[in-house]
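Quick notes on the structure that follows.
Hydrogens, waters and symmetry mates are skipped; everything else that's a heavy atom, side chains included, is used.
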Amino acid sequence: MTDTAQHPTRRKALRSIIGGSLGNFVEWYDWYVYSAFSVYFAGRFFPEGDQTAQLLSTAAIFAVGFLVRPIGAWLMGIYADRRGRKAGLALSVGLMGGGSLLIGLMPTAETIGIYAPLLLLIARLLQGLSVGGEYGASATYLAEMAGKNRRGLISSWQYVTLIGGQLAALAVQLSLQALASEAAMEQWGWRVPFIIGSMLAFGVFVLRRKIEETADFAAAKASGKRSSGLALFREHPGEALLVIALTAGGTLSFYAYTTYMQKYLVNSADFTRPQATVIMTAALALFMILQPLFGMLSDRIGRRPLLIGFGVGGTLLTVPLFTAIRSAGGEGAAFLLVLAGLLIVSGYTSINAIVKAELFPPHIRALGVALPYAIANALFGGTAEYIALWLVEVGRESWFFYYVSGMCALSLIVYWRMRETAKHGTMAGDAA
């Protein structure tokens, strides 16, 4: 086939990848807004207790959102395998937008009492279902739309948009902090980002209904094989367990250095809320840029060396980095230390999606990527912030650092023993 004939297909693929990535951006903006603004609305839903106790309550609901993610991964993974990747992507962003709209408009405990945290829980359950399905559908979609020699690069955009969503949440937070007083932020300012998120989600829902479907899904549909939870663990038990194991240390480290880090900077390192926001915004911006660079590197040298590098760094340097951040003393030093941690984590974040997609055949790929990953996230990622804050409460903060380091060591063993999926995965024979 001539280059001229190939160009229209490439342009369509590029438009589809951008569309899928924008949806992922909105998904994760909505998801992280909860964490970024919980320091302001915690007292509105849980008025009793000190600041740490209030944050523990909101962190518990954050964790519940993760606990429901396996259900969302199961239901929506099957949906994306049976009805199509773009159908799954549209449904996931619609659920996320609905959850954000509910949080943005709901009354507080002052008005409706115990029903306020109950409604907050319902909204997070909707968003948990959404994110549970989003990961598998978007990871599968990006992997299938990319050529063989660019899968690492293209798939890395999942975390580019994920981090971009978190940066957008922080940017909104910085803007509101500059425009509104602390009292105004606690009174009504925290609602603004949720309303913005629901509007963005509606726009992307429309966009995702128009993106291209993948050729792999068409082939899977023609094969007549059906996706199901039973089929996943009966036919691919080793791959499913491998996804859980290789995710454990990575997702725990990611949430330790992103979601929890902002609270750590305020509660333990004695930075102000605006200072912590600036530090995290700058560090995450560079972290986002690193993702495609690591993705391209994996296309050249393979996925396994990057995972091993993360495992070694996470095992040896987590405790020293967190300890140094606590006594950093200045914003510049704290920024460099946080960035060092995120540099290590990039060895996992940039390629974890493509590694999982390369483990499963097309007819069960979305479910295979989503469900085991969601289980690991529920166990390790979603509980990271709560465990860290609980250990602060009982005076054993440093134990959290050792916990992260230990999980990285366990994942390192898996990385060392696993095969190179770029060469021996289920997608290895596709045309570039």
Worksheet item: Does T315 reach the main-chain N or O of A409 with its side chain, forming a donor-acceptor pair under 3.5 Å?
Response: yes
Worksheet, complete the sentence: On a heavy-atom basis, the closest approach of S350 and F294 is OG-CB, 3.2 Å
Worksheet item: Does any non-hydrogen side-chain atom of L232 lie less than 4.5 Å from one of P372?
Response: yes
Fill in: Heavy-atom side-chain proximity of L125 to L121 below 4.5 angstrom
yes
Item to complete: Please confirm whether the backbone N or O of L126 pairs with a side-chain atom of S130, one donor and one acceptor, at under 3.5 Å?
Response: no
Item to complete: Starting at CD of Q173, measure out to CE of M280 and round the result to the nearest 0.5 Å.
Response: 11.0 Å
Worksheet item: Checking S155 side chain against G152 main chain: does a donor-acceptor pair fall under 3.5 Å?
Response: no
Practice prompt. Measure across I163 and L284 and return the closest heavy-atom pair with its distance rounded to 0.1 Å.
Written response: CG2-O, 3.4 Å
Discussion item. Listing request: all salt bridge (Lys or Arg N to Asp or Glu O under 4.0 Å) pairs with a residue in residues 162-182, at least two apart in sequence or in separate chains.
Written reply: E182-R273
Practice prompt. Search all heavy atoms of Q177 against all heavy atoms of P274 and return the closest pair with its distance.
Written response: OE1-CA, 3.9 Å
Discussion item. My understanding is that only one of V68, L119, L102, I103 makes a side chain to side chain contact (heavy atoms under 4.5 Å, CB included) with R124; could you say which?
Written reply: I103
Worksheet item: Is a donor on one side and an acceptor on the other found under 3.5 Å between the side chain of S253 and the backbone of G250?
Response: no
Worksheet item: Got a donor-acceptor contact below 3.5 angstrom from the Y29 side chain to the L200 backbone?
Response: no
Worksheet item: Can you tell me how far the CG atom of L342 sits from the CG atom of L286, to the nearest 0.5 Å?
Response: 9.5 Å
Worksheet item: Do S92 side-chain atoms and L89 backbone N/O form a donor-acceptor pair below 3.5 Å?
Response: yes
Discussion item. Can you list everything that forms a salt bridge (Lys or Arg N to Asp or Glu O under 4.0 Å) with R304? Sequence neighbours excluded, please.
Written reply: none
Discussion item. For H236 and H363, take the angle between the two ring planes, folded into 0 to 90°, and tell me which bin it lands in: parallel under 30, tilted 30 to 60, perpendicular over 60.
Written reply: tilted
Practice prompt. Only one of L306, L307, V355 passes side chain to side chain contact (heavy atoms under 4.5 Å, CB included) with Y348; say which it is.
Written response: L307
Item to complete: Any pair with a residue in residues 188-206 that passes side chain to side chain donor-acceptor pair (under 3.5 Å), sequence neighbours left out, goes on the list, sorted by first then second residue, please.
Response: none
Fill in: Atom pair CE/CG of M185 and L176 - distance to nearest 0.5 Å
5.0 Å
Worksheet item: Going by heavy atoms in the side chains, are F380 and T247 under 4.5 Å from each other?
Response: no
Practice prompt. Could you tell me whether the side chains of R82 and S227 share a donor-acceptor contact shorter than 3.5 Å?
Written response: no
Practice prompt. Check step by step if side chain to side chain contact (heavy atoms under 4.5 Å, CB included) holds for V319 and V404.
Written response: CA-CA 8 Å; V319 175; V404 176; over 6 Å; no
Worksheet item: G136 and T140: which non-hydrogen atoms are nearest, and at how many Å?
Response: O-OG1, 2.7 Å
Discussion item. Could you check whether atom CE of M418 has more than 12 heavy atoms from other residues, nucleotides or ligands sitting under 6.0 Å from it?
Written reply: yes
Fill in: Of Y255, F400, Y403, F401, the residue whose pairing with Y260 passes ring-ring contact (aromatic ring centres under 6.0 Å, His included)
F400
Worksheet item: Would you find a donor on one side and an acceptor on the other, under 3.5 Å apart, between the side chain of S411 and the backbone of G249?
Response: yes
Practice prompt. Please confirm whether the backbone N or O of T251 pairs with a side-chain atom of N377, one donor and one acceptor, at under 3.5 Å?
Written response: no
Worksheet entry | For the student: nearest non-hydrogen atoms of F271 and A276, plus distance | CB-N, 4.4 Å
Discussion item. As a quick check of understanding, evaluate side chain to side chain contact (heavy atoms under 4.5 Å, CB included) for M76 and L95, giving each step before the final call.
Written reply: CA-CA 11 Å; M76 297 181 64; L95 287 174; 4.0 Å; yes
Practice prompt. Determine, using ring centers only, whether F254 and Y159 are less than 6.0 Å apart.
Written response: yes
Worksheet entry | From CD (Q262) to OG1 (T277), nearest 0.5 Å | 4.0 Å
Item to complete: May I have the step-by-step check of side chain to side chain contact (heavy atoms under 4.5 Å, CB included) for V392 and Y264, ending in yes or no?
Response: CA-CA 10 Å; V392 171; Y264 179 69; over 6 Å; no
Item to complete: Look at atom CZ of F202 and say whether more than 12 heavy atoms of other residues, nucleotides or ligands are closer to it than 6.0 Å.
Response: no
Fill in: 4.5 Å side-chain heavy-atom contact, I308 and L412
yes
Item to complete: Give a yes or no on whether the backbone of W157 and the side-chain of Q291 come within a donor-acceptor separation of less than 3.5 Å.
Response: no
Practice prompt. Start with the C-alpha distance between Y257 and F287, add both sets of side-chain angles, then the distance that settles ring pair (Phe, Tyr, Trp, His ring centres under 6.0 Å), and finish with yes or no.
Written response: CA-CA 11 Å; Y257 279 105; F287 181 46; 9.1 Å; no
Fill in: CZ on R419 to CD on E358, rounded to 0.5 Å
9.5 Å
Practice prompt. For D81 and F217, work out which heavy atoms get closest and say how close.
Written response: O-CE1, 3.1 Å
Fill in: From CA spacing to verdict: side chain to side chain contact (heavy atoms under 4.5 Å, CB included), V369, V243
CA-CA 7 Å; V369 172; V243 170; over 6 Å; no
Item to complete: Calculate, to the nearest 0.5 Å, the distance between atoms OH and CG belonging to Y386 and L389 respectively.
Response: 9.0 Å
Worksheet item: Counting N and O atoms only, with roles assigned by atom type, does the side chain of Y415 sit under 3.5 Å from a partner on the main chain of L246, one being a donor and the other an acceptor?
Response: yes
